Amino acid sequence: MEYEFYDRVTLIDAGANTSQITCSRWCRDIGLDWPGDLVRGNGSLSFDHLDVTVPCCASVVPLNRLHYDWPIGFARFEVSAMNLTRAQYELDTDELARVADLLGHPVEQILAHY
């Protein structure tokens, strides 16, 4: 297990699990190349603000409001566990609630595959 604090809001992605991103305004497919181009243009996975102009309709939409087929997150703090050896690799609802209680902040589970 590892943890990391970030100076700015940072993309916590799902890796190869993500296969589709759609616009929250017009429900159109954005494509997977666009976020990569956005990150490369930004110079990092961290952002000063999440508002971006989406390519499908030229609307300004917050990155965290787009629809991702696998959950992703934008955070300033991350706890990660890699290659766990237990019967169920996902944390269940009760476990997530316990982590949130311990941290004093809501949490979201991002299942990543690289």
Side-chain angles (χ1 to χ4, degrees):
M1 291 196 61
E2 298 176 353
Y3 66 90
E4 189 163 353
F5 289 92
Y6 302 107
D7 292 330
R8 301 184 319 168
V9 174
T10 299
L11 168 65
I12 313 299
D13 69 41
N17 285 338
T18 302
S19 63
Q20 186 177 31
I21 303 169
T22 54
C23 178
S24 55
R25 279 193 65 131
W26 302 105
C27 296
R28 292 188 181 145
D29 185 36
I30 290 178
L32 297 177
D33 291 335
W34 176 77
D37 293 341
L38 183 67
V39 167
R40 280 186 290 284
N42 186 46
S44 77
L45 295 173
S46 296
F47 298 87
D48 290 323
H49 57 84
L50 296 179
D51 292 340
V52 296
T53 302
V54 291
C56 58
C57 61
S59 296
V60 175
V61 178
L63 284 168
N64 60 330
R65 296 287 185 199
L66 297 175
H67 299 286
Y68 303 89
D69 60 340
W70 279 76
I72 68 160
F74 295 90
R76 298 225 16 232
F77 175 73
E78 174 184 17
V79 176
S80 62
M82 193 171 184
N83 301 328
L84 290 176
T85 54
R86 60 183 237 167
Q88 179 182 337
Y89 66 90
E90 289 182 60
L91 297 178
D92 63 31
T93 304
D94 292 336
E95 291 169 319
L96 286 171
R98 178 74 178 127
V99 171
D101 285 344
L102 288 169
L103 294 174
H105 193 279
V107 298
E108 185 164 343
Q109 182 168 225
I110 310 298
L111 300 175
H113 178 75
Y114 298 101

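The structure displayed is predicted, hence computed values, not measured ones. Throughout, numbering of the chain's residues begins at 1 and tracks the sequence.
In the hydrophobic cluster analysis, where Ile, Leu, Val, Met, Phe, Trp and Tyr join through side-chain heavy atoms closer than 4.5 angstrom, Y3 is grouped together with L103. Residues I12 and W70 fall into different hydrophobic clusters, defined by Ile, Leu, Val, Met, Phe, Trp and Tyr side chains chained together at heavy-atom separations under 4.5 Å. Hydrophobic clustering of Ile, Leu, Val, Met, Phe, Trp and Tyr side chains at less than 4.5 Å, counting indirect connections, keeps V107 apart from I110.
Once rounded to the nearest 0.5 Å, the distance linking CG of L96 with CG of L91 reads 5.0 Å. Atom-to-atom distance recorded for D33:CG and L38:CG is 12.5 Å, nearest 0.5 angstrom. The CZ atom of R8 sits 9.5 Å away from the NE2 atom of H49 when rounded to the nearest 0.5 Å.
In summary, the side chains of Y68 and N17 do not present any donor paired with an acceptor at a separation below 3.5 Å, with no hydrogens or angles considered.
Taking every heavy atom of both residues into account, D51 and P62 meet most closely at OD1-CG, 3.5 Å. Listed here is the closest heavy atom pair of T18 and I72: OG1-CG2, 4.1 Å. In plain terms, the two heavy atoms of F77 and Y6 that are nearest each other are N-CD1, 4.0 Å. Residue M1 comes nearest to V79 through the heavy atom pair CE-CG1, 3.7 Å, listed as atom of the first residue, atom of the second, then distance.
Formation of a donor-acceptor pair under 3.5 Å by the S44 side chain with backbone atoms of S46 is found in this model. A donor-acceptor pair is defined here as one N or O able to donate and one able to accept, closer than 3.5 Å; no such pair exists between the side chain of E108 and the backbone of P71.
I21 is listed as a side-chain neighbour of L32, based on a closest heavy-atom distance under 4.5 Å. Side-chain contact between Y114 and D13 is present, with at least one heavy-atom pair separated by less than 4.5 Å. Contact of the I30 side chain with the P55 side chain is registered, since non-hydrogen atoms from C-beta on lie closer than 4.5 Å. In this structure the side chain of S59 never reaches within 4.5 angstrom of the side chain of C23, judged on heavy atoms.
More than 12 heavy atoms of other residues, nucleotides or ligands sit less than 6.0 Å from atom CG of D92. No more than 12 heavy atoms of other residues, nucleotides or ligands shown are found within 6.0 angstrom of CZ on R65.
Remark: D37 engages R40 in a salt bridge, criterion side-chain N to carboxylate O under 4.0 Å.
Judged as a side chain to side chain contact (heavy atoms under 4.5 Å, CB included), and not counting sequence neighbours, the contacts of L50 are V9, F47, L63, N64, F74.
Here salt bridge (Lys or Arg N to Asp or Glu O under 4.0 Å) pairs that include residues 69-79, with residues two or more places apart or in two chains, number zero.
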